[in-house]
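First up is the structure itself, then whatever we jot down about it.
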Amino acid sequence: MIPLFRVPMSVQAPGAVAEVVASGQVGQGARVARFEAELAARIGNPRVATVSSATAGLHLALRLATDGEPGGEVLSTPMTMEATNWTILANGLDIRWVDVDPATLNVDLDDLAGKITRNTRVIMVVHFAGYPVDLDRLRAVLDRAEAEHGVRPVVIEDCAHAWGATYRGVPLGNQGNVSVFSFQAVKHLTCGDGGLITLADDESHRRATLLRWFGIDRSVDRLRTPPDVTEWGYKFHMTDINAAIGLANLAYSDEVVARHRANAAYYDSRLAGVAGVELTERRDDRESSFWIYPLKVADRAGFVRRMTEAGITVSQVHARNDAHTCVRKYAAPLPGVDDVDRRLVCVPVGWWVGDEDREKIADTIRAGW
């Protein structure tokens, strides 16, 4: 079977981990600091803080956005990994679902605009498959909401799919919002597990670096002078083991993202106009990282069956979160989600998909099901 996911691990990673283990410093230390410096340089934003996972990063981002005060709504998409939305519940906030634009699989910004109220505290957007949300349009929506309601909700960008993606030539993570990246096992850049939160101001950055480790200032010698904790926090920090893996994979991630994009461009050219297949949007002002390659197909069950018979792994990857029992009380009409949820399927697009593999995948789809 041609797999849908694989772990992109540099050959330097095992040695880097062994060096950390032998050093005796395996917690958060010098390698985390170096990893953060290199990530900041790549994104172009010095206000970065590594965390133990993207889920931890989203939880922390919501804490920063709300000052830990429960109550109020977060506008969010149900077409995402559950981690995006469960962190909203974990912060004592309510979800208000926003429909998706079937063309992009991102939030429908018109629907979003109509759902902002004085009760809206945060807007959570997901760059689905690595394709950036139209952030200029989002800013315009927020400008109108601020003029009408007197509130400007904090925007959190869930960039779990989007390492390496750009909007108007600027990397995600440097767009003036809070952004959270995933370095989970099968992402473009992996630390084994881990994440990154990027901030837009110095005070939020200061708080993030404290709150990721119980609210304790790690620059103080705690054995000699225990520091006062003015704001309690979590155990969300990254370790030097994970940072060593990330450092070893950082340069390699450029090659990984490039191959994802090359395979996606091949599919774009081979699958455009194929009966029963609808591609997602492409625009010149943004560059997707193509963590996954989503299609909207007719007779999805038949499509999956045919691809499986051909030895090609396919999946919807993310099913609608609003169908879960635990969030039933937030149910709302979402025609875009209804349309996408019955047709969405993803085919292998990653760095492991060779020229012969992608030709087989495209030929199989073109032959019908």
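The closest side-chain donor-acceptor pair between Ser219 and Asp217 falls under 3.5 angstrom. Counted by atom type alone, Tyr330 and Asp322 present zero donor-acceptor pairs between their side chains at under 3.5 Å. Using modelled atom types and a 3.5 Å distance limit, the side chains of Thr84 and Asp158 yield a donor-acceptor pair. In summary, the side chains of Glu36 and Thr50 do present a donor paired with an acceptor at a separation below 3.5 Å, with no hydrogens or angles considered.
Both the sub-6.0 Å distance and the 45° axial angle are satisfied by Arg358 relative to the ring of Tyr266. Both cation-pi conditions hold for Arg218 and Trp213: the charged atom is under 6.0 angstrom from the six-membered ring centre and inside a 45 degree cone around its axis. A cation-pi arrangement is absent between Lys187 and Trp163, since the terminal nitrogen or guanidinium carbon is not both under 6.0 Å from the aromatic centre and inside a 45° cone about the axis.
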Start with the C-alpha distance between Asp339 and Arg320, add both sets of side-chain angles, then the distance that settles salt bridge (charged side-chain N to carboxylate O under 4.0 Å, His left out), and finish with yes or no. CA-CA 11 Å; Asp339 173 53; Arg320 58 189 303 167; over 6 Å; no
Report the C-alpha distance between Arg328 and Thr325 in whole Å, list the side-chain angles of each, state the deciding distance to 0.1 Å, and finish with yes or no for side-chain hydrogen bond (donor to acceptor under 3.5 Å, both in side chains). CA-CA 5 Å; Arg328 186 171 293 162; Thr325 300; 3.2 Å; yes
Residue pair Val178, Glu157: steps toward the side-chain contact (heavy atoms from CB on, under 4.5 Å) verdict: CA-CA 6 Å; Val178 180; Glu157 300 176 42; over 6 Å; no
Evaluate Lys360 against Asp355 for salt bridge (charged side-chain N to carboxylate O under 4.0 Å, His left out), listing each step before the verdict. CA-CA 9 Å; Lys360 175 183 176 178; Asp355 291 355; over 6 Å; no
Could you go step by step and tell me if Val51 and Phe181 meet the side-chain contact (heavy atoms from CB on, under 4.5 Å) rule? CA-CA 10 Å; Val51 285; Phe181 293 88; over 6 Å; no
Tell me, with the steps shown, if Val327 and Asn321 meet side-chain contact (heavy atoms from CB on, under 4.5 Å). CA-CA 8 Å; Val327 289; Asn321 290 184; 5.6 Å; no
Stepwise side-chain hydrogen bond (donor to acceptor under 3.5 Å, both in side chains) check, Arg343 with Gln316: CA-CA 9 Å; Arg343 297 193 292 145; Gln316 184 173 346; over 6 Å; no
Should Arg34 and Glu38 be marked as a salt bridge (charged side-chain N to carboxylate O under 4.0 Å, His left out) after you check the CA-CA gap, both sets of side-chain angles, and the distance that decides it? CA-CA 6 Å; Arg34 180 182 156 203; Glu38 295 200 17; 3.3 Å; yes
Test side-chain contact (heavy atoms from CB on, under 4.5 Å) on Glu73 and Lys115; report intermediate values, then the result. CA-CA 10 Å; Glu73 292 181 341; Lys115 290 178 175 175; over 6 Å; no
Could you please spell out the steps behind the salt bridge (charged side-chain N to carboxylate O under 4.0 Å, His left out) verdict for Asp136 and Arg139? CA-CA 5 Å; Asp136 281 352; Arg139 291 186 192 98; 2.6 Å; yes
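Two different hydrophobic clusters hold Ile123 and Trp97 under the rule that ILVMFWY side chains link at heavy-atom gaps under 4.5 Å. Hydrophobic clustering (ILVMFWY, side-chain heavy atoms < 4.5 Å, transitive): Trp352 and Val257 are in distinct clusters. Linking Ile, Leu, Val, Met, Phe, Trp and Tyr residues whenever their side-chain heavy atoms come within less than 4.5 Å leaves Leu138 and Val180 in two separate clusters. Both Phe5 and Phe128 are assigned to one and the same hydrophobic cluster, defined by single-linkage of ILVMFWY side chains at heavy-atom distances under 4.5 Å. Tracing side-chain contacts under 4.5 Å through hydrophobic residues (I, L, V, M, F, W, Y), one reaches Met238 starting from Leu250; they form part of the same cluster.
Using modelled atom types, one side-chain atom of His205 and one backbone atom of Val48 make a donor-acceptor pair closer than 3.5 Å. Counting only distance, with no hydrogens or angles, the side chain of Arg286 and the backbone of Gly169 share no donor-acceptor pair below 3.5 Å. Side-chain atoms of Asn45 do not come within 3.5 Å of backbone N or O of Asn174 as any donor-acceptor pair. Listed for the Asn242 side chain is a donor-acceptor partner under 3.5 Å among the backbone atoms of Cys191. Counting only distance, with no hydrogens or angles, the side chain of Asp108 and the backbone of Asp101 share no donor-acceptor pair below 3.5 Å. Side chain of Asn249 to backbone of Ser10: a donor-acceptor contact under 3.5 angstrom is found. Judged by distance alone, with hydrogens and angles left aside, the side-chain atoms of Gln175 form no donor-acceptor pair with the main-chain N or O of Asn177 at under 3.5 Å. No side-chain donor-acceptor contact under 3.5 Å links Asp99 to the backbone of Asp111. The main-chain N or O of Thr280 is found under 3.5 Å from a side-chain atom of Arg282 such that the two form a donor-acceptor pair. Within the 3.5 Å criterion, the main-chain N or O of Ser288 finds a donor-acceptor partner in the side chain of Arg261.
Between Arg121 and Pro153 the shortest side-chain heavy-atom distance does not fall below 4.5 Å. Side-chain atoms of Glu287 and Arg168, non-hydrogen and from C-beta on, never get closer than 4.5 Å to each other. Contact annotation: the side chain of Arg342 never approaches that of Lys296 to less than 4.5 Å [non-hydrogen atoms, C-beta and beyond].
The OG1 atom of Thr87 sits 7.5 Å away from atom CD1 of Ile156, with the distance rounded to the nearest 0.5 Å. Rounded to the nearest 0.5 angstrom, Asn91 CG and Leu62 CG are separated by 5.0 Å. Put simply, CE on Met79 and CG on Leu105 are 7.0 Å apart, with the number rounded to the nearest 0.5 Å. We find the CH2-OG1 distance between Trp86 and Thr55 to be 12.0 Å, quoted to the nearest 0.5 Å. Separation of atoms CG (Leu211) and CD1 (Ile197) is listed at 9.5 Å; rounding is to 0.5 Å. Expressed to the nearest 0.5 Å, how far OG of Ser52 lies from CZ of Phe236 amounts to 6.5 Å.
Taking all atoms of both residues into account, the shortest heavy-atom contact from Ala30 to Asp240 is N-OD2, 3.5 Å. Residue Asp193 comes nearest to Ser53 through the heavy atom pair OD1-CB, 4.1 Å, listed as atom of the first residue, atom of the second, then distance.
Applying the 6.0 Å contact sphere to CD of Glu356 captures no more than 12 heavy atoms from other residues, nucleotides or ligands. The local environment of CZ in Arg283 is sparse, with at most 12 non-hydrogen atoms from other residues, nucleotides or ligands closer than 6.0 Å.
Of the listed residues (Val125, Leu112, Asn85, Leu93), just one forms a side-chain contact (heavy atoms from CB on, under 4.5 Å) with Ser76, and that residue is Asn85.
A tilted orientation is assigned to the rings of Phe183 and Phe35, their planes being inclined by 30° to 60°. Relative ring orientation between Tyr234 and Trp232 is described as perpendicular, the plane-to-plane angle rising above 60° on a 0-90° scale split at 30° and 60°.
For His188 and His260, the distance between ring centers is under 6.0 angstrom.
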